[in-house]
Amino acid sequence: MRPVCHGQVASYKEMNISNYIKFVFIAILLVSCSNDDTEYAPINEPLEFVNPTNFPQATYNFEANPPTKLGFELGKKLFYDGKLSSNGFISCGFCHEQAFAFTHHGHQFSHGIDDLEGTRNTPPIQNMAFLNEFAWDGATNHLDLFPIIPITNEVEMGETMTNVISKLQSDPDYPNEFQAAFEDGEVNSENFLKALGQFMAMMISSNSKYDKYIRNEEGGNFSELEKQGLAIFQQKCNSCHSTELFTDNSFRNNGLPPNPQLNDLGREEVSGASTDRYKFKVPSLRNIEKTAPYMHDGRLGTLMSVLNFYDAGVSDSETLDPLLKNDNRLGIGLSLEEKNALVAFLTTLTDETYLNDPRFAEY
Amino acid sequence: MNSKIVFTVVFSFLLFSSCSDDDNDSEELTGSGEVSIKFDNGFAGNDLVLGATNTANTNGEVLTITRFSYIVSNFSLVNDMGEEYVFPKDDSYFIINQELEDDNIVLPEIPAGEYTTLKFGVGVDQEKYLQGAEGQGDFLEKAEASNMMWSWQAGYKFLNFEGNFTSETVTEATEFKIHMGSHGSSLDNYKEVSLALPNKLRVGDEIDSSIHLKIDASKILVATNNIQLTEKSVIMVDEVKSPQIAVNTTEMFVVDHLHNGDAHD
């Protein structure tokens with residue numbers, strides 16, 4: 001049997017919406033095409049990455065690691081596979097649960113191997129293709145390389161890359177799946193990271209009520225309160241939570257009083273610079289309603305507590321962001337009415353399509 | 001002169017000139033050959049023996065080294081015409097590891113020529129980081145096997161230099177640990193080294209040659225910058241000292257000699 005080559009791009013339902021720009025990446029016809037004599041060669045085909053029209057340009061280099069159907073599927077399988085951890089039980093999906101925008105629901109600190117707890121709150125995985133710094137302190141600046149951190153972290157997955165790769169090599173299924181997904185077909189760290197990278201780069205949340213409002217689409221009708229909330233947000237929050245990703249990708253100290261028990265220095269742990277002390281990555285606010293608890297250490301339980309903190313809890317220090325030291329006061333003055341409007345607005349960032357998208361689901 | 005001797009002299013001259021001789025510049029070099037580079041690790045003129053006590057440095061610090069490894073990368077050779085041959089990037093990352101006795105690297109298929117300068121980097125450049133998984137091959141696993149990974153960040157340690165020391169004020173043997181690498185996107189500690197070769201390195205078909213480098217690990221602390229372990233003995237992500245160590249590390253490489261047309265062991 002001769003395998004058929006599928007050179008055409010796949011199309012998802014939501015890609016048909018006319019106001020999406022399509023970035024079609026040069027299709028690479030993988031294994032299936034070159035492999036004329038293999039009998040049941042699985043058919044691979046390129047996957048199209050669609051840059052939502054209201055988003056800035058993606059930063060992920062899709063040419064260096066062009067997503068394919070089988071590469072993405074392999075990445076998804078790896079994401080949900082406990083083999084990546086030393087006890088065979090903790091998968092990426094264990095801490096990153098889809099229903100909560102891929103955060104660890106109900107956990108201030110994520111616990112991994114042997115129930116050891118980390119010191120940081122699990123951030124959502126969404127729109128990673130648009131970021132250029134990862135983790136709260138920017139411990140890496142490439143999405144592909146990120147998985148090394150949880151895998152080798154003793155309180156998360158407690159494994160080594162070498163062991164993970166050798167477990168996959170001796171698995172009955174993975175070698176064939178790597179073979180089908182990549183040109184050289186090898187089970188090595190490069191292809192392992194590429195598969196996870198493809199999966200995560202394709203995880204885009206861009207269909208919240210807010211997006212529909214901005215794009216003038218059906219389902220995008222804002223109430224008066226939501227409109228008021230958006231206006232307040234634009235005035236008081238979006239100098240840091242900027243662009244349609246709701247982050248400017250910078251590291252800042254928003255005035256959370258340091259927790260002496262954790263003594264988390266933030267960005268300083270990566271840069272070694274004391275001017276970076278207590279600075280953390282400005283987080284995206286998409287799906288924020290679903291990702292409680294909040295802040296790098298998950299100290300705040302509700303959105304109202306977050307707003308109360310900005311209004312009255314900001315503490316001064318040498319590295320406090322100057323934007324939070326205006327008008328002879330610390331923080332951002334907010335009336336109760338404004339807080340209610342902001343919460344209503346922040347709730348419009350929930351994207352049910354993303355939270356239920358079967359492409360990213362474990363089962 | 002006895003004709004027998006004349007004959008022997010002439011004959012041996014012919015014999016030698018038909019081989020690839022160091023001094024014979026007129027001979028045409030064609031095709032390509034292999035260049036191997038030996039990283040002969042030492043400390044202040046002596047061998048670097050893990051676990052053995054070294055002589056005191058100029059800061060009066062006496063070091064016993066237990067781990068010494070580093071990443072060298074992005075090799076290139078410049079010929080006598082000033083043309084640079086850059087070895088393919090994806091294959092150009094190596095770990096020199098004293099514990100595993102990994103101290104020799106081989107660069108195959110170097111185009112024929114006479115080379116006068118060797119260039120390489122210490123560590124992993126930002127360009128490579130920004131390639132993500134692309135072109136990594138199994139370098140990550142190798143780095144892991146040599147303790148060259150920083151697990152809290154998805155980055156490489158460019159240098160591992162560990163052991164214990166004593167000094168005038170620190171009389172009990174005290175652990176020291178120097179891990180140097182780039183600090184995420186905020187501080188690039190990748191540095192380049194350029195070494196003029198003492199004579200021409202000849203490479204071509206059937207002419208595999210080698211470069212013997214001598215490495216002086218004492219330079220890590222005492223070179224352009226003076227680093228005192230007595231002041232701080234664990235240096236990992238230090239905005240001031242890590243870049244100084246990166247500069248010092250580039251100064252530990254010296255070309256000792258070449259072997260033309262006869263690769264080193």
Side-chain angles (χ1 to χ4, degrees), chain A residues 59-61 63-66 132-135 137-154 156-166 182 184 186-198 201 249 251 265 267-276 279, chain B residues 89-91 93 95 100 124-158 177-190 227 232 234-246:
Chain A
T59 49
Y60 188 79
N61 185 346
E63 273 162 69
N65 184 20
N132 44 32
E133 295 282 3
F134 301 89
D137 54 11
T140 180
N141 49 7
H142 202 295
L143 180 60
D144 290 355
L145 304 179
F146 192 89
I148 301 165
I149 299 176
I151 289 171
T152 58
N153 188 321
E154 67 226 17
E156 293 187 75
M157 302 168 96
E159 253 301 359
T160 65
M161 290 294 291
T162 312
N163 261 340
V164 169
I165 300 301
S166 79
F182 293 101
D184 68 13
E186 275 181 59
V187 184
N188 60 14
S189 51
E190 171 167 345
N191 289 337
F192 169 82
L193 294 174
K194 280 182 168 171
L196 277 169
Q198 289 182 22
N249 259 316
F251 298 92
L265 302 179
R267 180 66 174 161
E268 183 182 356
E269 299 198 358
V270 171
S271 70
S274 57
T275 49
D276 283 337
K279 290 187 183 173
Chain B
K89 189 171 179 69
D90 284 350
D91 302 323
Y93 291 81
I95 296 165
L100 302 177
V124 175
D125 48 296
Q126 291 293 315
E127 187 188 327
K128 179 74 174 176
Y129 274 119
L130 293 175
Q131 263 177 272
E134 173 61 16
Q136 285 278 352
D138 58 2
F139 186 67
L140 262 171
E141 288 116 283
K142 286 187 189 149
E144 204 167 45
S146 280
N147 283 295
M148 305 303 285
M149 296 293 300
W150 255 332
S151 62
W152 53 273
Q153 73 163 60
Y156 299 99
K157 299 179 211 165
F158 302 170
K177 208 176 243 185
I178 292 177
H179 294 170
M180 185 272 291
S182 282
H183 302 177
S185 59
S186 66
L187 186 63
D188 183 1
N189 275 327
Y190 172 79
I227 308 289
K232 188 176 183 190
V234 176
I235 305 173
M236 293 188 180
V237 184
D238 185 309
E239 199 193 15
V240 178
K241 291 191 188 237
S242 299
Q244 291 177 337
I245 289 166

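These numbers were taken from a predicted model, which means no experiment stands behind them. We name chains A, B, ... by the order of the sequence lines, and we start the count at 1 in each one.
Counting heavy-atom pairs closer than 4.5 Å to chain A, the top-ranked of the candidates Met236(B), Glu144(B), Lys142(B) is Glu144(B). Most heavy-atom pairs under 4.5 Å with chain B, from the set Thr140(A), Asn61(A), Thr162(A), Ile151(A): that is Thr162(A). Across Asn65(A), Asp276(A), Thr160(A), the residue that shares the most heavy-atom pairs under 4.5 angstrom with chain B is Thr160(A). In terms of heavy-atom pairs under 4.5 angstrom with chain B, the leader among Leu196(A), Asp137(A), Asn188(A) is Asn188(A). Note on Glu186(A), Glu269(A), Met161(A): by heavy-atom pairs under 4.5 Å with chain B, the leading option is Met161(A). Interface check for chain A: of the options Ser182(B), Gly135(B), Gly137(B), Gly184(B), the most heavy-atom pairs under 4.5 Å are formed by Gly137(B).
With a threshold of 4.5 angstrom between heavy atoms, Ile165(A) approaches chain B through side-chain atoms but not through N, CA, C or O. With a 4.5 Å cut-off on non-hydrogen atoms, Asn141(A) touches chain B through its backbone and its side chain both. Proximity to chain A (any heavy atom under 4.5 Å) is restricted, for Met149(B), to the side chain, taken from C-beta onward.
Looking at Gln153(B), Gln131(B), Gln136(B) one by one, the single match for side-chain contact (heavy atoms from CB on, under 4.5 Å) with Leu145(A) turns out to be Gln136(B).
Closest of all the heavy-atom pairs between Ser271(A) and Val237(B) is C-CG1, 3.8 Å. Closest heavy-atom contact between Leu140(B) and Ser189(A): CB-OG, 3.5 Å.
Taking CG of Leu130(B) as the start and NE2 of His142(A) as the end, the distance is 6.5 Å to the nearest 0.5 Å. Atoms CD and CG, on Glu134(B) and Leu193(A) in that order, are 12.0 Å from each other to the nearest 0.5 Å. Separating the OG atom in Ser274(A) from the CD atom in Glu239(B) is a distance of 6.5 Å, to the nearest 0.5 Å.
Not counting sequence neighbours, His183(B) has no partner by the ring-ring contact (aromatic ring centres under 6.0 Å, His included) test.
Between the side chains of Glu133(A) and Ser185(B), at least one donor N or O lies within less than 3.5 Å of an accepting N or O.
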